[in-house]
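Here's the structure, in structure tokens; my notes come after.
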Amino acid sequence: MRTLYLECAFGISGDRLAADLLDLGADARALERAAMSLSIKGLKIRIAQAVKNGLDACRLQIFLEKDPGVSGLELIRQAEMTERARKMAKKIFRILLQAKTRAHRVPTVRSVVEILAVAVCLDDLDITEVIIPQLCEGTGTVQDQCGLEPVPVPAVLYILQEYGLPLQ
């Protein structure tokens, strides 16, 4: 059992977190196996090393042709993963689904693949606790899958409110 300490001063995304977990030694084959077990037409996962701002780091890219029209929980149920990873993925998905529903959207299939990737990597590294010492409020806008959004994005605000998480 291990604890992961995350500094999220500039936010975090599912694909970035999964890539960081791969850099920490999570099994890329387990992640790819779980993702490809979803049988989503046109789903491709690319894991490669990249250099950004002079730092060598893993990069996870998720490519989709189109939304398969299957519910997120159904995708998680059919994935090839351990039961501990599946339980973690379902919990993350439910929190995100509730927040995105309140923000008048539902999680995309890409979000589900990111959730699955993070859960598989956390499980593979035997991480049972995640500590985030502070969450910092950002400003401006960000372009995401839903379009141009204010920072923090509405779904994040709902999660902060629902769980009473303070912002710095």
Side-chain angles (χ1 to χ4, degrees), residues 2 4-97 99-100 103 105-127 130 132 138 140-149 151-153 155-156 159:
R2 300 163 115 176
L4 177 66
Y5 183 89
L6 289 176
E7 289 283 345
C8 298
F10 300 103
I12 194 158
S13 63
D15 56 347
R16 178 73 255 152
L17 178 55
D20 290 345
L21 293 168
L22 289 168
D23 265 344
L24 289 174
D27 185 356
R29 291 182 312 266
L31 185 157
E32 290 170 330
R33 190 170 42 253
M36 299 321 290
S37 72
L38 297 176
S39 302
I40 297 172
K41 184 179 179 182
L43 172 64
K44 291 183 178 50
I45 303 287
R46 182 183 303 153
I47 300 170
Q49 289 302 115
V51 177
K52 188 166 184 173
N53 298 326
L55 298 174
D56 187 33
C58 183
R59 182 173 185 198
L60 171 66
Q61 293 176 289
I62 300 167
F63 303 96
L64 292 166
E65 279 183 20
K66 63 178 187 167
D67 190 318
V70 179
S71 80
L73 281 174
E74 183 56 39
L75 287 172
I76 293 168
R77 274 191 211 97
Q78 74 183 32
E80 185 178 319
M81 61 193 340
T82 68
E83 283 309 308
R84 185 170 78 165
R86 187 178 328 281
K87 183 178 177 182
M88 199 178 325
K90 285 179 181 178
K91 183 175 182 177
I92 295 167
F93 179 78
R94 285 186 187 112
I95 291 168
L96 189 60
L97 177 64
K100 289 206 173 205
R105 287 189 289 284
V106 294
T108 63
V109 171
R110 179 184 168 80
S111 298
V112 175
V113 175
E114 290 176 358
I115 290 167
L116 179 139
V118 168
V120 167
C121 289
L122 288 170
D123 180 54
D124 187 64
L125 293 171
D126 198 26
I127 294 171
V130 177
I132 302 171
T141 58
V142 65
Q143 181 73 36
D144 70 5
Q145 301 152 351
C146 300
L148 193 63
E149 301 247 53
V151 174
V153 296
V156 169
I159 291 170

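Source: prediction; values computed, not measured.
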Going from [atom1] on [X] to [atom2] on [Y], what distance comes out if it is rounded to the nearest 0.5 angstrom?
X	Y	atom1	atom2	result
K44	I62	NZ	CD1	13.5 Å
D123	E83	CG	CD	10.0 Å
I115	K91	CD1	NZ	13.5 Å

Taking all non-hydrogen atoms of both residues, which atom of [X] and which atom of [Y] are closest, and how far apart?
X	Y	answer
L43	A35	CD2-O, 3.3 Å
A117	A18	CB-CB, 3.8 Å
I47	A28	CD1-CB, 3.8 Å
R59	A50	CB-CB, 4.1 Å
A34	A79	O-CB, 4.1 Å
D124	A26	OD2-CA, 3.3 Å

With a 4.5 Å limit on heavy-atom distance, are the side chains of [X] and [Y] in contact?
X	Y	value
D23	Q49	yes
L38	V112	no
E80	M36	no
L21	L31	no
L24	L4	yes
M81	L116	yes
L6	L17	yes
R110	E114	yes

E32/R29 salt bridge by N-O under 4.0 Å criterion: no

R16 atom CZ, over 12 foreign heavy atoms within 6.0 Å: yes

For R2, is the CZ atom crowded, meaning more than 12 foreign heavy atoms sit under 6.0 Å from it? no

Main-chain N/O of I76 paired to R86 side chain as donor or acceptor, under 3.5 Å: yes

Would L73 and L97 satisfy side-chain contact (heavy atoms from CB on, under 4.5 Å), going step by step from the backbone distance to the final call? CA-CA 10 Å; L73 281 174; L97 177 64; 5.7 Å; no

